Amino acid sequence: MSCGVRELAKLLNSTLLNSLTFLGGFMLDARFIRENINVLKTALKKRGYEINLSEFIAFEQERLGLMQKAEELRNRRNVVSAEIGRLKKQGQGAEDLVKEMKGVSDRIKEIDEILKGIEEKTGQFLLNIPNIPHESVPIGKDETENIEVRRWGTPPEFDFEPLNHWDIAETLDIIDFERGAKIAGTRFTVMKGLGARLERALMNFMLDLNTSKGYKEIFPPILVSKECMTGTGQLPKFSDEIFRTVDPEFYLIPTAEVPVTNIHREEILAEELLPIYYTAYTPCFRREAGSYGKDVRGLIRQHQFNKVEIVKFTKPEDSYAELEKLTGDAEDILQKLGLPYRVIALCTADMGFSASKTYDIEAWLPGQQRYREISSCSNFEDFQARRANIRFKREGKKGTEFVHTLNGSALAIGRTVVAILENYQQKDGTVVVPEALRHYMGTDILK
RNA sequence: GGAGAGGUGGCCGAGUAGGUCGAAGGCAGCCGCCUGCUAAGCGGUUGUGGGGGUAAAACUUCACCCAGGGUUCGAAUCCCUGCCUCUCCGCCA
């Protein structure tokens, strides 16, 4: 029965976001919303999001009424203007009609002004509503209620006290934290020698593995427009977390998800193109505002880091199966690298704004004696597709539908470096290179 | 950065003294007919989003000729701004 609720809620969400006239040219089914307010409220409450729709609905009713009025007037204007043309052609005067139409046009302008104001308000309101969680997502109030789905591998045992990656890296002289700070400030690092090489090896290894599975390699722009950021859901709500250039205005991508998902913005895809699989290496940039005390040492939390991402566009009926496959593809990388990990299903309160369902993959870090996030795999259903207006057309069917978008890290490279250094460290301070990387590294040991 | 040209439907391409243009024509596609197969030929058809309407259709209406403003009774057609593309010059990895 929760399924029925879910379906309703989904439909409702669809309808809501449809009203972004200034984004995609959609309109909103106000009646449907009026009849289903409670469904939406309940669904979002699971996330801890309280929604107040009463003002919105009032605006909607007003908007619909005004729109109809304006359309009537436009129709009148179209008809009469044609008549005026006809009369003039026959050499007859039409002063009365012209005068009347002048009034009509002014009236239309007035109404349009009001409509614009309303649409601006409702549009902003809608852009700030998070996605509705999938029914399979555990309900919870914070991250303690996430659920561990499975584990792979066994944390290594050491006959010595395992070090943190920053200590290992310092000894090996492969990561220079101080000079990173000198050049750019805190949360920046310089990778050197085998460290730089390891970073590059991981990029290549991941891209090669992903492309061998049918993901098409993409190398996108790293500065993007505001529209892209809105399309994938980073804006307008999370401007604090993003770097921005001022003149001209660009946004530095926090993840390849942004440019890669927006590849198909404003497009209608042919059914046979789906599913589309992309993989992309990009640098990523994050402000990390509000995390001042966290992970101040080491590579875990940087303003700039490298990541290989995978992105999928699918038909709605396939997206959850694709999420499992996508997560599996990310896990495969860790398995090939021999890094122990666990998979976590995020609960309703811990999921990102745009996601319907998310699995985090956490790698074991001996230096911290705990699992840390190394990948996040999400199904956004049609949330991003609505914002970015990405649709597809079914063979032989009228109209279009929104695609579902998914993405996941495969993987975050900096954190993979951390996991390798800490899991493969040896008593003498050297680090064994995982089998799968030796070809890329040209060595089997970091020393 | 300087000087020009241009942005029309899936594609090509008309439309420039503003009026019945959602937009000629061609191609491609689809549906029929015809031909023993293929090609050619004939007829029809083919956009997106919204409102009203319907059980669903039919039907009706509004918007969309890069985007946003403006002029006008009326704009694909005129004016302004922005974005993008192309050519030439300069500069540069």
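On a predicted model such as this, the values are computed, not experimentally measured, just so you know. Atom set for the values below is all heavy atoms of this structure, side chains included, hydrogens, waters and symmetry mates excluded. Labels below follow one simple rule: chain letters A, B, ... track the order of the sequence lines, proteins then strands, and each chain is numbered from 1.
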Test log, rule salt bridge (Lys or Arg N to Asp or Glu O under 4.0 Å), inputs A/R394 and A/E272: CA-CA 9 Å; A/R394 285 191 203 269; A/E272 61 267 24; over 6 Å; no
Which residues pass the salt bridge (Lys or Arg N to Asp or Glu O under 4.0 Å) test with [X], not counting sequence neighbours?
| X | result |
| --- | --- |
| A/E324 | none |
| A/K45 | A/E50 |
| A/R301 | A/E288, A/D295 |

Side-chain donor or acceptor of A/R286 paired with backbone N/O of A/P254 under 3.5 Å: yes
Any pair counted as ring pair (Phe, Tyr, Trp, His ring centres under 6.0 Å), so long as it reaches residues 208-227 of chain A, sequence neighbours left out: A/Y215-A/Y277
Contact list for residues 172-212 of chain A, test ring pair (Phe, Tyr, Trp, His ring centres under 6.0 Å), sequence neighbours left out: A/F188-A/H303
Which whole-number value in Å describes the distance from [X] [atom1] to [N] [atom2]?
| X | N | atom1 | atom2 | result |
| --- | --- | --- | --- | --- |
| A/M67 | B/G50 | CE | P | 11 Å |
| A/E401 | B/G49 | CD | C1' | 16 Å |
| A/K89 | B/G18 | NZ | C1' | 11 Å |
| A/E119 | B/G49 | CD | P | 18 Å |
| A/E267 | B/G10 | CD | P | 12 Å |
| A/N389 | B/G47 | CG | C1' | 14 Å |
| A/L269 | B/U48 | CG | P | 14 Å |
| A/D96 | B/G74 | CG | P | 16 Å |

With rounding to whole Å, what would you report as the distance between [N] and [M] at their [atom1] atoms?
| N | M | atom1 | value |
| --- | --- | --- | --- |
| B/C89 | B/U20 | P | 44 Å |
| B/A24 | B/C84 | P | 31 Å |
| B/U8 | B/A75 | C1' | 14 Å |
| B/A28 | B/G15 | P | 23 Å |
| B/A14 | B/G9 | C1' | 13 Å |
| B/C34 | B/C42 | P | 16 Å |
| B/U45 | B/G51 | P | 28 Å |
| B/U54 | B/G68 | P | 33 Å |

Per-nucleotide protein contact string for nucleotides 55-73 of chain B, where B marks a base within reach and S marks sugar-phosphate only (heavy atoms under 4.0 Å, - for neither): ---S--SSS-------S-B
Who pairs with [N] - Watson-Crick or G-U, where each distance is under 3.5 Å:
| N | result |
| --- | --- |
| B/U87 | B/A3 |
| B/A14 | none |
| B/G36 | none |
| B/U48 | B/A63 |
| B/C92 | none |
| B/U71 | none |
| B/G43 | B/C31 |
| B/A76 | none |

Nearest-nucleotide pick for A/T400, side chain only, options being B/U48, B/G49, B/U20: B/G49
Sugar-phosphate, base or nothing in reach of A/K393, heavy atoms under 4.0 Å: sugar-phosphate
Salt bridge (charged side-chain N to carboxylate O under 4.0 Å, His left out) pairs, two or more places apart, involving residues 231-248 of chain A: A/R244-A/E249
Write down the protein N/O and nucleotide N/O pairs, taken from nucleotides 15-17 of chain B, whose separation is under 3.5 Å; answer none if there are no such pairs.
none

Rounded distance [0.5 Å steps], CG in A/L194 versus CG in A/D173: 10.0 Å
A/R391 side chain near B/G49 phosphate (N/O to OP1/OP2, under 4.0 Å): yes
With A/H165 via ring-ring contact (aromatic ring centres under 6.0 Å, His included) - residues at least two apart: none
Nearest atoms (heavy-atom pairs only) where A/L44 meets A/P130: CD2-O, 3.7 Å
